[in-house]
Amino acid sequence: MGERTVMATIEAHRQLEGAGFEVRRPFPTPRLAQLDPFLLLDEMGPVDLEPGAARGAPDHPHRGFETVTYMIDGATEHEDSAGHAGRIGPGGVQWMTAGAGVIHSEMPARELVTDGGRMHGFQLWVNLPRRDKMTSPHYQEFRADQIPTVTREGAVVRVIAGTFGAVTGPVVTHSPVSDFHVSLEPGAEVTVPIPSAHTALVYTFGGDGDGTLRVYAADGDQVRIVNSGDDPGEYLVLAGEPLHEPIARYGPFVMSTSEEIEQAIDDYRTGQFGLIAR
Ligand code: MN
């Protein structure tokens, strides 16, 4: 085994989401529907917002997968039809298992709307195994100081999910998934252990290669990240065991069959997802 080779390098494209905020999206694209078990990756910003310019994603449903919000700068506030509400600040993560379904809103924090400021974060969609798609919705939320770090020479690794060396992240996942945020000083490098059968992705979001996603071949058990640029490098490392299950997908619903999608649409239209109490 050893170091994996890069199978594809994908430039993120820009598009509008929610009520009109721009994201950089390496996938899905018409040519790349998913990277099993991952369904979507969006980078929000970084953007320095004027007062009144912040936009979010007002009330919308999800069923059949997990949404992961990880903030770098700025904060978002969320609430949902299950009565849950909270705030995700810089360095914090919310890992939401939509399961059978929720309606939620994801909005910039109030002070970001009124005063403006810097907004930068990620949303990742992780598919649920078929057996867990209709599980009860639940949340895992961790502040920056609750996410353990590993330091190497010139490198800091924040372990959100999965295991890096002796450190295991706080998020519990339905199938084996790793989610690491790696920061590298110029000239530094780090080797990330990843089980050989897992899908392995590295998205660069600062420094040399900003906005590109590398997809690795399953030909080794580690991924080496090198910052050969002159600026600090920031990397999101995602790895997961492929589910190898059929995917039926329509907007915010990700199920296994078209009948289950029809059911999700019908359940949403008839109010089965509930409402956000305000
Ligand atoms: Mn959402």
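On a predicted model such as this, the values are computed, not experimentally measured, just so you know. Basis for what follows: all heavy atoms, side chains included, without hydrogens, waters or symmetry-related copies. Order of listing sets the numbers, starting from 1, for every ligand and every atom in it.
Put simply, the side chain of D36 gets close to the backbone of L243: a donor and an acceptor are under 3.5 Å apart.
Atom NE2 is the N, O or S atom of H62 at the shortest distance from the Mn ion (ligand 1). The Mn ion (ligand 1) sits nearest to atom NE2 when only the N, O or S atoms of H104 are considered. Residue-level check: among N/O/S atoms of E106, OE1 sits closest to the Mn ion (ligand 1). Per residue H60, closest N, O or S atom to the Mn ion (ligand 1): atom name NE2.
Ring orientation note: the planes of F164 and F180 are nearly perpendicular, at an angle over 60° on the 30°/60° scale.
For an aromatic pair to be called close, the ring centres must be under 6.0 Å apart, and H62 with F253 fails this.
When L124, V126, L39 are each tested for a side chain to side chain contact (heavy atoms under 4.5 Å, CB included) with E66, only one passes: V126.
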